[in-house]
2 protein chains.
Amino acid sequence: MRIVFADCSVDYSGRLDAHLPRAVRLLMLKADGSVLVHSDGGSYKPLNWMSPPAKLEVKEPDESVDPEALEIWDVTAQKSDDLLRITIFEVHAEYEHDLGIDPGLTKDGVEAHLQELLARDPGAVIPGLKLVRREYPTPIGPVDLMCRNADGEPVIIEVKRVGGIDGVEQLTRYFEMLSRDSLLSGLKGVFAAQVIKPQARVLAEDRGFACVTLDYDALRGIEDPQGTLF
Amino acid sequence: MRIVFADCSVDYSGRLDAHLPRAVRLLMLKADGSVLVHSDGGSYKPLNWMSPPAKLEVKEPDESVDPEALEIWDVTAQKSDDLLRITIFEVHAEYEHDLGIDPGLTKDGVEAHLQELLARDPGAVIPGLKLVRREYPTPIGPVDLMCRNADGEPVIIEVKRVGGIDGVEQLTRYFEMLSRDSLLSGLKGVFAAQVIKPQARVLAEDRGFACVTLDYDALRGIEDPQGTLF
DNA sequence: TCTTGTATCTCGTTT
DNA sequence: AAACGAGGTACAAGA
């Protein structure tokens, strides 16, 4: 990996066009040809970049470029015609270091885990609810949970970490599809998420779906948050 | 900005838990307290990170940690209880450089621009179509374009850069809402995007909406006749 | 390989 | 400040 602190301007041309005026920035050149342009702030996202696989070509500036420019770095994607052009005015510092292959990241605790915890004991969230099966199949893809309530009526649950309008639409599609099944008469829908956005809640309730806010920590322990829904 | 090449392991605890085994990596410490952990490959996304504002605290390793560890770097978010713990085994190199404030990125060619180009001449995409107004209001938000076709019938257009199912749902909501307006009898819907995903196309056509693929360059060519038209 | 759904999404804009 | 939508989304899992 090569690290360069340089006074530069940057132009990207691809899906969109973007331009960075001249300033001092950090340029990160990775082994796979990818290039990242970072400022001293913002988030983890670079100001601009080129995804791998890519190729860096150093050119002399011609008369069409700013006369102060020292070098032109053209970074081209191998699989598209995207171009990241870095115009170098001054290199302040430059370092190179060998890193080797990274063993990679292990994660735990996202939506899949949330669904698993809810499946383990749906009755803890909605009293009387019993799991029929997870990933219950429909012609347009599986719905997260199929259950039966205390009265034996079928209940489908769509689980999200953040519940937005798109999640309600998804539940709606499953609901409409499964409503045609005479074996599932009296079908009810539940929208369950750690966070339910206001618009999504309004839409869900307007369509007759119950909304349930999930508490990850409470699920991981054992608890029943709220009263009777059906 | 401080750059450190170090042999380290990383643990993140926040919305989820994540772990990076011991390896040589690049650590980027920005002025706002944010920290990025990069490997020599992958995309522009770091292996792990802490978003600003954050605070770095260097601690001595106690007996509970690997005896080879030299230092513990605890990066804590100011607004949550997220913790990024970097266990340092060896520092290979360390550099610091002052960057100053970045003037920032200017973009061009995103969805807003696409809508603008289409609004300028809807007839170039669907013959006979004339613009009534952009951002036509409905109770659930504005629809991108309201037009009339050659027969004087109302046509609403939802514009996307990438047309997915969610875009079709959005168009559907507007369509159902506006269909109740007797002044808009015979209403038609058009789903327009640079790229329309297969499932979205099926759904849109199933609901009676026309699908139109937009060519950004061609639209821009209409606007700017100085291109290679002749 | 392509498609689909999630994300410690990030980032802008608007209310 | 909160919410909503777009993204050069990236990324992983499933078909």
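All values derive from a computational prediction rather than experimental measurement. Chain letters run A, B, ... following the sequence lines, proteins first and then strands; every chain starts at 1.
With distances taken from any side-chain atom of Val110(B) to the nucleotides dA7(C), dG7(D), dA6(D), the minimum falls on dG7(D). Of all nucleotides listed (dT4(C), dA6(D), dT6(C)), dT6(C) comes nearest to the side chain of Lys160(A).
Using a 4.0 Å heavy-atom cutoff across all strands shown, Met50(B) reaches no nucleic acid atom at all.
Gln199(B) has a side-chain polar atom (N or O) that falls below the 4.0 Å cut-off from OP1 or OP2 of dT4(C).
In this structure, CG of Asp166(B) is placed 16 Å from P of dT3(C), rounded to the nearest angstrom. As a whole-Å value, the separation of Leu114(A) CG from dT6(C) P is 12 Å. The CG-P distance, from Leu47(B) to dA12(D), rounds to 11 Å in whole Å. Distance, Glu111(A) CD to dA13(D) P: 14 Å, rounded to whole Å. To the nearest angstrom, C1' of dA13(D) lies 14 Å from CZ of Arg134(A). Look at CD on Gln115(B): it is 10 Å from P on dA6(D), rounded to the nearest Å. Rounded to whole Å, the distance from CG on Asp82(A) to C1' on dA10(D) is 15 Å. Between the CD atom of Glu169(B) and the P atom of dT4(C) there is a distance of 14 Å, given to the nearest Å.
Using a 4.5 Å heavy-atom cutoff, the side chains of Phe89(B) and Asp66(B) are in contact. In this structure the side chain of Val35(B) never reaches within 4.5 angstrom of the side chain of Trp73(B), judged on heavy atoms.
Environment of CG in Asp81(B): sparse, with no more than 12 heavy atoms of neighbouring residues, nucleotides or ligands closer than 6.0 Å.
When each of Arg173(A) and Leu105(A) is assigned the nucleotide of DNA chain C with its nearest heavy atom, Arg173(A) is the one assigned upstream, toward the 5' end. With the nearest nucleotide of DNA chain D identified for both Ala18(A) and Lys197(A), Lys197(A) has the one nearer the 5' end.
Atom CD in Glu135(B) sits 8.0 Å away from atom CG in Leu145(B) (nearest 0.5 Å).
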ring-ring contact (aromatic ring centres under 6.0 Å, His included) for His113(B) and Tyr216(B)? Distances and angles first, verdict last. CA-CA 9 Å; His113(B) 199 197; Tyr216(B) 184 77; 5.8 Å; yes
A correct 5'-to-3' footprint of nucleotides 9-15 of chain C, with B, S and - meaning base, sugar-phosphate only and no protein heavy atom under 4.0 Å, is SSS----
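Here the closest non-hydrogen pair linking Ile157(A) and Ala192(A) is CG2-CB, 3.9 Å.
Within the cation-pi definition used here (under 6.0 Å to the ring centroid, within 45° of the axis), Arg25(B) does not qualify as a partner of Phe5(B).
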